[in-house]
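Beneath this line is the structure, given in structure tokens, with notes to follow.
Excluded from the calculations below are hydrogen atoms, water molecules and symmetry mates; all remaining heavy atoms, backbone and side chain alike, are included. Each chain gets a letter, A, B and so on, in the order its sequence line appears, and its residues count up from 1. No experiment lies behind these values; they were computed from the predicted model shown.
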Amino acid sequence: MRKQYPFDIIEPKRQRIWDETAAFKAWNPGETIPKNHPFAERHGLAGEVAASQLPPKYYILDMFPYPSGSGLHVGHPEGYTATDILARYKRSRGFNVLHPMGWDAFGLPAEQYAIKTGQHPRVTTEANISNFKRQIKSLGFSYDWSREVDTTDSDYFCWTQWIFLKLYHSWFNQETNKAESIETLTIPSGLETEEARTSYKDERRLAFVAEAPVNWCPELGTVLANEEVVDGKSEVGGFPVVRKPMRQWMLRITAFAGKLLDGLDEIEWSDSLKEMQRNWIGKSEGAEVHFQVADAQEVITVFTTRPDTLFGATYMVLAPEHALVDQLVTEEQKDAVEEYRTFSSRKSDLERTELAKEKTGIFIGAYAINPVNKERIPIWIADYVLSTYGTGAIMAVPAHDSRDLEFAEKFNLPVLKVVKAPEGQDSIGFVGEGVSVNSDFLNDLPTCEAKPKMIDWLSEKKAGSRRTNFKLRDWLFSRQRFWGEPFPILWKDGQHRAVGAHELPVTPPDLKDFKPTSDGEPPLARAAEWANLKDGSIRETNTMPQWAGSCWYYLRYLDASNKGMFCGKEAEAYWMGSADETANPGVDLYVGGTEHAVLHLLYARFWHKVLYDLELVSTTEPFFKLVNQGIILGEDGQKMSKSRGNVVNPDEIVSAYGADAFRLYEMFMGPLEMSKPWNTKGVEGVYRFLGRVWRMIVNEESEVAFDQALAVDAQKDEANLSKLTLNSTIKFDIEPTPDQLKSLHACIKKVTEDLDGMRFNTAISAMMVFVNEAVNWKVRPAECMRTFLTLLQPFAPHLAEELHGMLQEENAGVIAYQPWPVFDPALLIEESVEMPVQVNGKLRDRLKVSRDADRQSIEKLVLASEKIKANIEGKSIKKLIVVPGKLVNIVVK
RNA sequence: GCCGGUGUGGCGAAAUUGGCAGACGCACAAGACUUAAAAUCUUGCGAGGGUUAAACCUCAUGUCGGUUCGAGUCCGACCACCGGUACCA
């Protein structure tokens, strides 16, 4: 395929100029702007600027990538292109745009590569970052590279550790509903010993140590958070995960469950994403009910969302791991119960989910008393009751819960109907809302009234209370890995204490062997000198999970080189919008894939809310608006993967068609949020379009001279571009015709509206429509061409800027800072409009009608039409509908 | 099962408040230019019928039904696919 235009010369040239002039640097309050910077020229600012002088902020953020060894695939730049187009658009509209990029570079692949080859993860990571950066830069994104962050850089993770210490030194005060310094925690006077007081404190910190059943992945040699386990396998690598009790660092995210849920109402995220977070947090409202154990002191507390069905509770079930089982089991059932517990504990999570859900369980010999009717009901254990949810015990109401019913049928337990289903439905097995029956004081009440009445009754009798439960678990925060942030924690005599903030960062030791030790200690334990301090303290040898660095990187961008703080207060207030009432609170737009819907996005919101409570940030939510890009499938419509051999490498596309064509195609494929298949033929289509734009402005004969000059120049010097001259149709000092203005302004209108609505594909088609018309113009006013290039600039910045330079008759300037064109509605008004005419809703004719024709004259015109006459002949007109400017419909019979 | 999303030509898609279904692009076909090819330009292109050619007619937005002068768009039921989630009491 013949080259449409010399993108291979233009693109490196424009990128070089952007780099040299720091064209896309975003300015913080208090910074000194050189007066020749295009931002200074556009806004008439120079020198040191105060926040009040700066234009409104627009913070547009990409999810920063993990720099993998395989480099960028075409899915990454989809989101990056969308944000870059908007960043350029907003700059043109006069905003101070913050558009940064960085690297989420701690992670498993570099460490596993290190274990295999002995190459230090630092080396691997640096090589991968430089490859990613080269690829991203080749696409001409307008990032402010002076703010680049790397989570593995000690200047960065120093502050990750610092924030961890903030969590460590805080507790959640239920009364103020806020995270507060641990110093505000009142220690009960009853605690006599120093140990007791310390552990009282330690148990309440937001970062705490807990002995808990964790997800252990033997293959990876580490524990995983619940969020990282998918179908009983590790999210990374798909290795089996088993449950195992271990002592680990946890973060008290559950304290923020309510805030994390309520905060979703303040932000503009898609419904599906909010739903995913809501489901993960899993709020359910109901009651706690206390059951006295028959002939014993113990009380079993259950959680239920249906207290109204308490009269129908015919047995109880405890999780096999429930703490009371040992005390309650009767002598004759002991062996059988023990056998069942072994049986269920041996089941891995994988087996539990894979096995057909045949209910199993065993009676433990004891009975409980149903508080409402004093009935003795048997107590069973079964693994369909989870120790990790609610109280680990349930009251079983088989008539109105499908799992309880299945269990009751298998083990012949009584089933008692207490809710009457609506007409036509079977009450047994009915789980919806109905009317209470067989329930004494609840009889005849609808479910919605029976619930609160039962809760009142229980509270009065001290047999229960209202209760809200969350599915969300505390965040398991430690990993047995090398390539992560070390914890700023020291241990001595079984007690932990924080490293002082002034001693940060705690950098990892130098290792040659990155495997865990033979006795199962994390790899950091291999560095005896590093781990054992002179005073006898031992460093924590766990590291933080990969999510730690991504929990706050969007804040570091605001003030990336600040040595004294994680982020300066003034910068934070300006960019996060709290300094300006009209600004969006938080990141204005955050774009990334759905794979982070619960993990990263929940964790980052949690950290942000802690920082907010501690008055370190000024907004309650980090990301105001969030959009998920859809995935790009291979040409075969399948997910791209190496094994299918359908992966498209952006490098190949860029070298064949150029970055501008690549960007344009990524956006032209379809709506950003949809998943859609790649088609390289489609790249050729937009590439041809860019070629038409080029030829619309450049003299084709001068291209021959240019090509010849280039052919003999081994350096392929960009200076050869000076051989190019303007197309002879380009005229300066000429008024555009009304038709030309109409085409141009229709294009301005459509592109502007589509950019505001993030409809990039239709914006591009509007520009194609304009160019298809403009290539037929005999005379092309330079002014029209310049305006069009301003519209094209966000999408195809290299080409637009180069051509714009030619039209300026000087090769200077960054059109990214040109004011965005304003469309004039007056130019779009048509003298006459073509109105479709329908008979009984079927199109029969089109008539030219003057713009301001009234109803009567339109009717007259319509009835005079031969085609219409033929269609209504012999029928009577029932109705004649005229929608001015739209259409006419005649109803006949 | 539950939650969310999506179904429109051969393909990617468009139709922003209910108002001309298929813009724009790909693929394909024919023609022009060329010794030839590539590139470029022009024309055609939902299906079926009809005509020398047109005109014109019928059908068509996953399926079935409804509301309306008028439905891709609104309502009801269903089907398929994609994503999330799952013994959550």
Side-chain angles (χ1 to χ4, degrees), chain A residues 1-4 230-231 270-276 278-280 282-284 286 302-306 309 317 352-353 357-359 382-386 388-397 401-404 406-407 431 469-472 594-595 597-598 628 630-631 633 635 637 639 664-665 668-671 673-686 688-689 691-692 695 700 750 753-754 756-757 759 761-769 772 775 834-846 867 870 878-881 883 885-892:
Chain A
M1 196 177 186
R2 188 187 176 275
K3 197 169 280 176
Q4 293 274 352
V230 179
D231 293 337
S270 70
D271 288 341
S272 66
L273 198 63
K274 286 186 181 183
E275 249 343 90
M276 276 191 231
R278 286 195 188 104
N279 290 340
W280 194 266
K283 181 178 181 170
S284 55
V302 302
F303 172 71
T304 176
T305 55
R306 292 297 298 270
T309 62
V317 187
R352 278 208 197 187
T353 45
K357 282 168 191 155
E358 174 84 4
K359 295 281 180 292
D383 64 5
Y384 82 92
V385 174
L386 309 174
T388 51
Y389 184 75
T391 61
I394 62 157
M395 64 179 211
V397 184
D401 181 287
S402 46
R403 296 149 303 173
D404 295 347
E406 201 190 314
F407 191 81
V431 298
N469 231 329
F470 293 95
K471 232 158 72 175
L472 186 69
T594 351
E595 67 272 23
V598 281
N628 285 127
I631 48 171
L633 307 168
E635 296 215 43
K639 219 174 189 151
L664 215 55
Y665 176 65
F668 189 59
M669 289 170 83
E673 293 174 81
M674 297 289 154
S675 70
K676 50 223 167 242
W678 179 269
N679 177 9
T680 300
K681 284 282 181 200
V683 187
E684 289 176 22
V686 294
R688 274 198 277 269
F689 160 70
R692 278 200 298 281
R695 291 189 296 275
E700 285 193 65
K750 181 77 177 144
E753 287 172 356
D754 283 351
D756 287 331
R759 292 178 296 267
N761 52 334
T762 50
I764 294 167
S765 76
M767 290 189 286
M768 288 173 167
V769 169
N772 289 345
V775 289
E834 199 183 64
M835 279 177 82
V837 183
Q838 299 177 336
V839 176
N840 285 348
K842 289 212 163 75
L843 180 72
R844 296 302 178 189
D845 199 6
R846 295 161 216 258
K867 286 183 190 167
K878 290 277 166 216
K879 217 170 178 181
L880 211 164
I881 296 149
V883 187
K886 284 271 164 91
L887 59 44
V888 179
N889 191 13
I890 307 168
V891 187
V892 296

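- For A/Lys681 against B/rC11, no side-chain N or O and base N or O form a donor-acceptor pair under 3.5 Å.
- A/Arg306 places a side-chain N or O within 3.5 Å of a backbone atom of A/Val431 that can act as its donor or acceptor partner.
- Among the atoms of the strands shown, only primed sugar atoms or phosphate atoms (P, OP1, OP2) are found under 4.0 Å from some heavy atom of A/Ser272.
- For A/Glu595, the side chain to side chain contact (heavy atoms under 4.5 Å, CB included) criterion is met by no residue, not counting sequence neighbours.
- Using atom P as the reference point in both B/rU43 and B/rG50, the two lie 29 Å apart (nearest Å).
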Whenever both distances are under 3.5 Å in a Watson-Crick or G-U wobble pair, mark it; put RNA chain B into dot-bracket that way, with [ ] for crossing pairs and | when the partner is on another strand. (((((((..(((......[....))).(((((.......))))).((((......))))..(((((..]....))))))))))))....
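- Checking B/rA14, B/rC26, B/rC3 against every side-chain atom of A/Asn679, the shortest atom distance belongs to B/rC26.
- Note: A/Asn889 CG to A/Arg844 CZ = 11.0 Å, rounded to the nearest 0.5 Å.
- Comparing the same atom, C1', in B/rG7 and in B/rG12 gives a spacing of 15 Å after rounding to whole Å.
- Residue A/Arg844 has a polar side-chain atom (N or O) positioned under 4.0 Å from OP1 or OP2 of B/rC57.
- Judged by closest nucleotide on RNA chain B, A/Glu700 is the one of A/Thr305 and A/Glu700 placed further toward the 5' end.
- Side-chain nitrogen and oxygen atoms of A/Ser284 include at least one within less than 4.0 Å of the OP1 or OP2 phosphate oxygen of B/rA89.
- The side chain of A/Arg692 lies closest to B/rC41 when the candidates are B/rC24, B/rC20, B/rC41.
- For the C1' atoms, the distance from B/rA23 to B/rG5 is 25 Å, rounded to whole Å.
- Comparing the C1' positions of B/rC45 and B/rG22 gives an interatomic distance of 12 Å, to the nearest angstrom.
- Side chain of A/Lys676 to backbone of A/Met674: a donor-acceptor contact under 3.5 angstrom is found.
- In this structure, CE of A/Met395 is placed 12 Å from P of B/rA89, rounded to the nearest angstrom.
- At least one side-chain heavy atom of A/Thr594 sits less than 4.5 Å from a side-chain heavy atom of A/Met276.
- By the rule that a glycosidic angle within 90° of 0 means syn, B/rG9 counts as syn.
- Within 4.0 Å of A/Lys750, counting heavy atoms only, lies at least one base atom of the nucleic acid.
- Separation of atoms CE (A/Met768) and CG (A/Leu664) is listed at 6.0 Å; rounding is to 0.5 Å.
- Contact of the A/Arg278 side chain with the A/Lys283 side chain is not registered, since no non-hydrogen atoms from C-beta on lie closer than 4.5 Å.
- If you take atom P in B/rC11 and the same atom in B/rG65, they sit 26 Å apart, rounded to whole Å.
- Taking every side-chain heavy atom of A/Glu275 into account, B/rG4 is the closest of B/rG4, B/rA89, B/rG25.
- Protein atom CZ of A/Phe689 is 13 Å distant from nucleotide atom P of B/rC41, rounded to whole Å.
- In terms of phosphate contacts, A/Asn761 brings a side-chain nitrogen or oxygen within less than 4.0 Å of OP1 or OP2 of B/rA14.
- Taking atom P on both B/rA54 and B/rU40, the two are 29 Å apart, rounded to the nearest angstrom.
- A/Lys842 contributes no side-chain N or O that forms a donor-acceptor pair with the base of B/rU58 under 3.5 Å.
- For A/Pro677, whose side chain is taken as the heavy atoms from C-beta onward, the closest listed nucleotide among B/rG12, B/rU40, B/rC20 is B/rG12.
- Among the heavy atoms of the strands lying under 4.0 Å from A/Val769 are primed sugar atoms or P, OP1, OP2 only; no base atom is included.
- Whole-Å rounding puts the A/Lys676 NZ to B/rC24 P distance at 21 Å.
- B/rC64 and B/rG10 have their C1' atoms separated by 28 Å, with the value rounded to a whole Å.
- Mapping A/Ala393 and A/Thr762 onto RNA chain B by nearest heavy atom places A/Thr762 closer to the 5' end of the strand.
- Under 4.0 angstrom from either OP1 or OP2 of B/rA23 there lies no side-chain N or O belonging to A/Asn772.
- The aromatic rings of A/Tyr389 and A/Phe303 stand perpendicular to each other, their planes meeting at an angle above 60°, with 30° marking the opposite boundary.
- When rounded to the nearest whole Å, the span between CD of A/Glu684 and P of B/rC28 equals 10 Å.
- Remark: P of B/rG18 and CG of A/Leu887 are 14 Å apart, rounded to the nearest angstrom.
- Rounded to an integer number of Å, the gap from CG of A/Asp401 to C1' of B/rG1 is 13 Å.
- Proximity of A/Ile394 to A/Asp404: side-chain heavy atoms (C-beta onward) are separated by under 4.5 Å at one or more points.
- Rounded to whole Å, the distance from CH2 on A/Trp280 to P on B/rG4 is 19 Å.
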Protein-nucleotides 68-72 of chain B N/O pairs under 3.5 Å:
from	atom 1	to	atom 2	distance (Å)
B/rC69	OP1	A/Lys879	NZ	3.3
B/rC69	O2'	A/Asn889	ND2	3.3
B/rC69	O2	A/Asn889	ND2	2.6

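- Considering only heavy atoms from C-beta on, A/Ile881 stays 4.5 Å or farther from A/Val888 through its side chain.
- Not one side-chain nitrogen or oxygen of A/Arg759 sits closer than 4.0 Å to the OP1 or OP2 atom of B/rA23.
- A/Tyr665 has its side chain out of reach of A/Thr680: every pair of non-hydrogen atoms, C-beta onward, lies at least 4.5 Å apart.
- Protein atom CG of A/Leu664 is 12 Å distant from nucleotide atom P of B/rC26, rounded to whole Å.
- In this structure, A/Lys359 satisfies the cation-pi test against A/Tyr384, with its NZ or CZ atom closer than 6.0 Å to the six-membered ring centre and inside 45 degrees of the ring normal.
- Among the nucleotides B/rC24, B/rC87, B/rA89, the one closest to any side-chain atom of A/Asp383 is B/rC87.
- Using a 4.0 Å heavy-atom cutoff across all strands shown, A/Met674 reaches sugar-phosphate atoms only and no base atom.
- Side chains of A/Thr309 and A/Met395 form a contact here, defined as non-hydrogen atoms less than 4.5 Å apart.
- Nearest to the side-chain atoms of A/Lys471 among the listed nucleotides B/rU85, B/rU16, B/rG25 stands B/rU85.
- Rounded to the nearest Å, the gap between the C1' atom of B/rC2 and that of B/rC87 is 13 Å.
- For the OP1/OP2 pair of B/rC26 and a distance below 4.0 Å, the side-chain nitrogens and oxygens of A/Arg688 include at least one atom meeting the criterion.
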